[in-house]
Amino acid sequence: MTIHLYQNDLPDGLSFGSIVAIDTETMGLDPRRDRLCVVQLSAGDGHAHLVQIARGQTRAPNLERLLADPAVLKLFHFGRFDIAMLQRAFGVRTAPVWCTKIASRLVRTFTDRHGLKYLLQELVGVDVSKAQQTSDWGSTTLTDAQRDYAASDVLYLHKLKIELEAILRREGRLDLAQRCFDFLPTRAELDLLGWDEPNDIFHH
Ligand code: MN
């Protein structure tokens with residue numbers, strides 16, 4: 001595994017192929033209150049690219065271009081949050097997207113465990129530490145432990161997608177999953193507009 005660290009944006013000319021795994025680290029769990037601190041990306045090739053976002057930063061042209069690129073699938077775990085965060089930070093609508101948490105919820109109905117750590121253990125056979133999950137991501141200098149943690153959240157998503165896609169296909173829910181993924185950027189936008197729980201428009 002190799003970790004590359006950048007400030008403010010991806011470097012020019014960096015390509016991730018047709019599927020890029022993305023995760024974000026933030027100051028907290030409210031995309032309307034808490035700022036974006038780090039965006040992690042991987043092509044699934046053992047390299048993790050970490051972009052630190054400065055406080056008050058509103059543009060990241062290379063990153064924005066990738067997020068909006070219709071030819072590149074953006075792969076998340078619980079993308080609803082990351083997509084909202086990225087839209088709030090840069091005003092960009094991330095699409096097309098795929099979400100390993102939604103995929104798991106649609107087929108692994110025998111369990112209520114859909115966390116990334118658990119899924120990676122069960123389906124990919126790798127153990128990732130969640131020890132740094134709640135650390136201070138706004139710090140200008142990230143610790144080695146933070147870098148390793150941030151990287152581990154994107155390094156194995158491609159493998160996880162392959163496993164989940166096979167189960168979705170087997171259970172006849174791949175098309176349903178696809179339609180959920182297509183809706184996800186809109187779901188994230190609704191969250192930003194205030195229609196998150198308990199005002200979710202799909203609730204009674
Ligand atoms: Mn993460």
Side-chain angles (χ1 to χ4, degrees), residues 1-10 16 19-55 57 60 63 66-67 73-90 92 94 97-105 113-124 126-161 163-164 181 184-185 187-188 191-192 196:
M1 154 180 119
T2 313
I3 300 176
H4 310 263
L5 184 66
Y6 315 105
Q7 299 300 321
N8 310 111
D9 198 0
L10 290 168
F16 291 92
I19 306 177
V20 58
I22 304 181
D23 185 39
T24 64
E25 302 304 334
T26 66
M27 287 304 291
L29 294 177
D30 186 338
R32 284 171 292 173
R33 179 193 63 191
D34 300 317
R35 74 175 177 94
L36 177 64
C37 299
V38 184
V39 182
Q40 308 99 276
L41 308 95
S42 178
D45 56 359
H47 290 260
H49 302 263
L50 276 49
V51 183
Q52 271 192 291
I53 307 298
R55 190 168 161 272
Q57 182 182 339
L63 181 59
L66 179 69
L67 295 175
L73 183 68
K74 272 68 69 173
L75 173 59
F76 295 93
H77 182 77
F78 195 52
R80 178 176 172 178
F81 175 76
D82 302 297
I83 294 163
M85 263 294 170
L86 291 162
Q87 175 160 355
R88 177 92 167 102
F90 306 120
V92 65
T94 301
V97 301
W98 212 96
C99 177
T100 51
K101 187 162 203 167
I102 288 175
S104 178
R105 281 188 178 278
R113 303 191 68 176
H114 305 287
L116 181 59
K117 182 180 168 60
Y118 184 74
L119 290 178
L120 288 178
Q121 227 164 39
E122 286 291 301
L123 296 175
V124 183
V126 293
D127 253 305
V128 297
S129 163
K130 279 283 168 192
Q132 296 298 315
Q133 188 164 32
T134 53
S135 63
D136 180 8
W137 292 100
S139 167
T140 29
T141 311
L142 300 179
T143 64
D144 286 348
Q146 281 181 310
R147 293 182 196 203
D148 288 350
Y149 166 77
S152 71
D153 271 354
V154 288
L155 282 171
Y156 311 106
L157 283 186
H158 287 71
K159 284 181 181 156
L160 182 57
K161 174 179 181 283
E163 298 303 320
L164 287 167
F181 303 148
L184 201 47
R187 172 69 267 185
D191 288 342
L192 285 178
D196 50 350

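Given the structure is predicted, the values throughout are model-derived calculations rather than measurements. One is the number of the first residue; the rest follow in order along the sequence. First listed ligand is number 1; within each ligand, the first listed atom is number 1.
Minimum-distance N/O/S atom of Glu25 relative to the Mn ion (ligand 1): OE2. Taking the Mn ion (ligand 1) as reference, Asp153 places its N/O/S atom OD2 nearest. Its N, O or S atom nearest to the Mn ion (ligand 1) is what matters here, and for Asp23 that atom is OD2.
Two residues are said to be in side-chain contact when any heavy atoms from C-beta on lie closer than 4.5 Å; Ser129 and Tyr149 fail this criterion. Taking 4.5 Å as the limit, every side-chain heavy atom of Trp137 sits out of range of all side-chain heavy atoms of Leu36.
For the side chain to side chain donor-acceptor pair (under 3.5 Å) criterion with Gln40, the lone passing option out of His49, Arg147, Glu25 is Glu25.
To the nearest 0.5 Å, atom CD of residue Gln121 and atom CG of residue Leu116 are 10.5 Å apart.
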